[in-house]
Structures are given as structure tokens and as C-alpha cells.
Amino acid sequence: MRTVAVVGASLAGLSAARSLRKQGYDGRLVVIGDELHRPYDRPPLSKEFLAGTLGEADLSLETDDEDLRAEWLLGARAAGLDRTERAVRLADGREVRADGIVIATGAVARTLPGSEGLAGVHTLRTLDDARALRDELAGGGRLVVIGGGFIGAEVASTAYALGLDVTVVEAAPTPLAGPLGARMGDVVSALHMDHGVRLLCGVGVKGLSGERRVDAVLLEDGRSIPGDIVVVGVGARPCVEWLAGSGVELDNGVKCGADGRTSLAGVVAVGDCANWYDPRAGAHRRVEHWTGARERPDAAIATLLAGGAVEPGVPRPPYFWSDQYGVKIQFAGHAAAADSVTIEAGAADDRDVLAVYRRAGVPVAVLGMNQPRLFTRWRKQLAAASS
């Protein structure tokens, strides 16, 4: 391959570029990113950066002496993929022709219909999003977080520490039931109530009120929750619209094999936009976690450089972490695969717990709250059993 184009300049794209060089690729390398910023770390955006304890320079994912010998096209949005010409078309009219293509365009935060142009309403996905939200939180007031997932919970935790009045609204009966299951989702989300943050579950949002600036969140049950600032944390959708008509199969993102290969030869996908096949589950899963974006590009690049001739391995069980109200939350595996959950250490009421998820007696996931050592031991066992 004379040229490889990596479309996406966040963690997954940077990891792919690094892996190319690490695995011996010495040809032309072009990295395309729609943001103007160099690759930066996203997890701190909802925590330390939002709180003002971490600066922008601390978010950099590149080391001072790192040189990938890459051409960086930043502020350049991908608009199409021409499979005949092997070219990535950019929104500004340019084209990048490449023998190999890595799709790493990530995902974009979902918005609330009708909130466009209303001041005080935020999503949190990018550095620019975090800058704007941080400036507003510094003024204090009443914050309403729509969505009780991890991003919403982390924002609520940070805002609480900054002294804001915080309410979290979650449409599901139990926050975090999707990733953690109902029982442990209830335990983790109770952290809000432990700290005096209002948590309203089982009710949807009808809309927002306010003329130029938001002043309340309107719930479907008729209630109105006053708010000077609103954060919409209702998930993200994969950025794959630009691939329409390209021949790359799409299904909840880019549909991939267990090694990132797509339906087009010479094209692989990694990161939040990639829906990889999971041999353990016998199904495709889109993993939107930092660890997956860092680890999985190695397998995808090996496949790309070998022309698909390598045998795909089994990806490690997905892992993610969250920091909320001073509690370290860690999770590995798939809660949905479990038929039982047992607490192996600690106590749920103390928010100091190690829980193991099993299916037919076999561990399939593990959750830790302030149990880093024991969690690490179980995570290793889970990975060994899955390989």
C-alpha cells in the first residue's frame, strides 16, 4: 500500500495511525479530522476539565516527541467514499486517494428536537462543547440533566461539586439498566440521591420552555422543572452518513467482522462508529468506550495490512469506567448476557461493592465500585475465560 487514509482524528484514529507505524507500514499516511483540534482525550471533558482542574494542554493524546510522519487534514469533514476511485471526498471539494482506508469517524451526540438556537442548552461530546458548558456552569444556577447515563451522571456529579442545584431526568424506570442491568443500575444511580441531587425516573421529556434562553424542562407527565442550564445526554449516533452509497455495509454504524474488516476490501472501521462482530455473543456490538478505541485498531490494522488474510481473534470484553461523586465505577463484559448477579465483596448500600454477572454459572461481566484491586483481578479472569 502506498497510501493509507485514516478518516477520524480522535483516539481511535490516532490509535490506528500509531498501529500502522508500529506494524511496519512506511508509506504515505493521511489523517483526516472534522475538528480543528489535534487528538485529545474525551473522558475528562465531563469531569476534570468541566470542573476546571484540568487544562486543554492536559487533554493532548500525543507526546511532545511523537512523529507519525502523517499528513494532518484537520477541519476537513468527510462527505463521501468513492470505492471505484478509492477516494475519500471532503466537504470542501478535495479528494484523498488511498489504497487502504480506516473509518474512525466516531459518533455525534443526539440532540433534543426543538432545542436548536435556545441558549443554555448543551450537549457534551467535543472540546468545544465542554468549553461552552464549563463557562456556563461557572455562573452557577439550576442545572437539569436529561438522561441518566454515564455522561449525564458525570456532568451531574461535577456540577454538584461546583455548587449548582442539579436535577437528573431519566425516561427509563432505572438509569443505567442497559449497560449494568436493573439491579446494579439502581445501586449506581442511587449516588445522585446520596448527594442530594434530584433523580426523576420513568418520565419522558416533552420539550423545553423559554424564548431566547431555556428556563424550564417540560415533562410528559405535566410537570415543569426550572432550569437555567440544560444538558442533553441521551446518547450518540454513529457518524456514517457520509458512507451512503459507498458499498460499505451499514447497520447501527459500520458493520464489521471480529477484526474490523468491512464489506469493502481494503477498508476497516474502528471506534464508536464500528459495529464489530462479537464471537462470544454471536452478534454485532458497537462498543463506545475509550479502551476499545485504543485496543481494537491493532487488530483492524493487522487485517488491513494483510489484505484480510489473517485469522480474526476474539476481542477483549469491553471495559469502561466512570467517576461520580468520588466513587470509582468500573465495568467489564456484557450485563445483558447474564441471568444472575451476585455481590462478591462490599455492600451495595455503602456504594463499595464488587458484583459478578453470570450466565449458567459462568462469569460474563463484573462491576466494581471503589474496588479497583479486586475488579482488576476479576477482569483478567473474564478476559482469560473469553479468549
Side-chain angles (χ1 to χ4, degrees), residues 43 107 147-154 157 168 170-192 199 201-202 233-236 252-253 258 272 274-293 295-296 314-325 327-372 374-387:
F150 284 105
I151 291 294
E154 289 171 359
S157 171
V168 177
E170 169 58 49
T174 304
L176 303 172
L180 303 182
R183 179 184 175 191
M184 299 313 298
D186 196 38
V187 172
V188 172
S189 61
L191 286 167
H192 295 302
L199 176 61
C201 296
V234 292
N252 185 29
D272 291 1
N275 191 10
W276 279 39
Y277 180 72
D278 185 342
R280 290 179 300 269
H284 286 78
R285 298 182 187 274
R286 192 161 60 85
V287 175
E288 299 179 81
H289 304 312
W290 188 95
T291 307
E295 294 179 346
R296 291 192 172 188
V314 179
R316 294 181 65 188
Y319 163 72
F320 61 87
W321 74 93
S322 179
D323 295 297
Q324 300 173 29
Y325 305 101
V327 175
K328 181 76 169 183
I329 301 162
Q330 297 170 284
F331 185 86
H334 295 288
D339 56 26
S340 68
V341 183
T342 57
I343 293 176
E344 305 284 329
D349 290 344
D350 297 333
R351 320 301 178 214
D352 177 8
V353 65
L354 191 290
V356 177
Y357 299 66
R358 293 179 172 87
R359 182 176 185 83
V362 178
V364 293
V366 58
L367 167 70
M369 298 178 71
N370 281 343
Q371 292 277 358
L374 195 53
F375 174 87
T376 299
R377 197 178 311 155
W378 271 98
R379 184 189 174 200
K380 289 180 179 177
Q381 292 179 28
L382 196 66
S386 302
S387 60

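Quantities reported herein were computed from a predicted structural model and do not represent experimental measurements.
Nearest heavy atoms, E170 versus G148: OE1-N, 2.6 Å. Taking every heavy atom of both residues into account, R316 and A383 meet most closely at NE-CB, 4.5 Å. The shortest heavy-atom contact between A335 and P179 is CB-O, 3.3 Å. Taking each heavy atom of C201 and P173 in turn, the nearest pair found is CB-O, 3.4 Å. Considering all non-hydrogen atoms of both residues, R351 and A190 come closest at NH2-CB, 3.3 Å. Heavy atoms only, all atoms of each residue included: P363 and G361 are closest at CD-O, 3.8 Å.
Inter-residue side-chain proximity for F320 and F150 is flagged as met; some heavy-atom pair is nearer than 4.5 Å. Under the 4.5 Å side-chain criterion, counting only non-hydrogen atoms from C-beta, I343 is not in contact with L354. Within the 4.5 Å cutoff, no side-chain heavy atoms of H334 are placed close to those of V364. A heavy-atom distance below 4.5 Å is not found between the side chains of E154 and D323. Taking the side chain as every heavy atom from C-beta outward, L374 and R377 approach each other to under 4.5 Å. Considering only heavy atoms from C-beta on, L382 stays 4.5 Å or farther from R379 through its side chain. Residues L367 and Q330 form no side-chain contact, since every pair of their non-hydrogen atoms from C-beta on lies 4.5 Å or further apart. Counting heavy atoms from C-beta outward, M369 and V187 have side chains that approach closer than 4.5 Å.
Geometrically, R286 does not engage W276 in a cation-pi contact, judged by NZ or CZ lying under 6.0 Å from the ring centre and within 45° of the ring axis.
Using cut-offs of 30° and 60° for the angle between ring planes, the F375 and Y319 rings count as tilted.
In this structure, K380 places its NZ atom where only 12 or fewer heavy-atom neighbours from other residues, nucleotides or ligands lie under 6.0 Å away. Other residues, nucleotides and ligands place more than 12 heavy atoms under 6.0 Å from the CG atom of D339.
Results of the side-chain contact (heavy atoms from CB on, under 4.5 Å) test with M184 over L176, T174, V353 single out V353 as the only residue that passes.
A donor-acceptor contact shorter than 3.5 Å is absent between the side chain of S157 and the backbone of A153. The closest donor-acceptor contact from the side chain of R183 to the backbone of V341 lies under 3.5 Å. A donor-acceptor pair under 3.5 Å links the side-chain atoms of N275 to the main chain of R285, judged by distance alone. Using a distance-only test at 3.5 Å, with no hydrogens or angles considered, no donor-acceptor pair links the side chain of D352 to the main chain of A347. With hydrogens and angles disregarded, no donor-acceptor distance shorter than 3.5 Å links the side chain of D278 to the backbone of A283.
Residues F331 and Y357 bring their aromatic ring centres within 6.0 Å.
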Intermediate values then yes/no, salt bridge (Lys or Arg N to Asp or Glu O under 4.0 Å), R296 and E288: CA-CA 12 Å; R296 291 192 172 188; E288 299 179 81; over 6 Å; no
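Note: I329 CD1 to L180 CG = 8.0 Å, rounded to the nearest 0.5 Å.
At a cut-off of 3.5 Å, with distance as the only test, a side-chain donor of Y325 or H192 sits close to an acceptor on the other residue.
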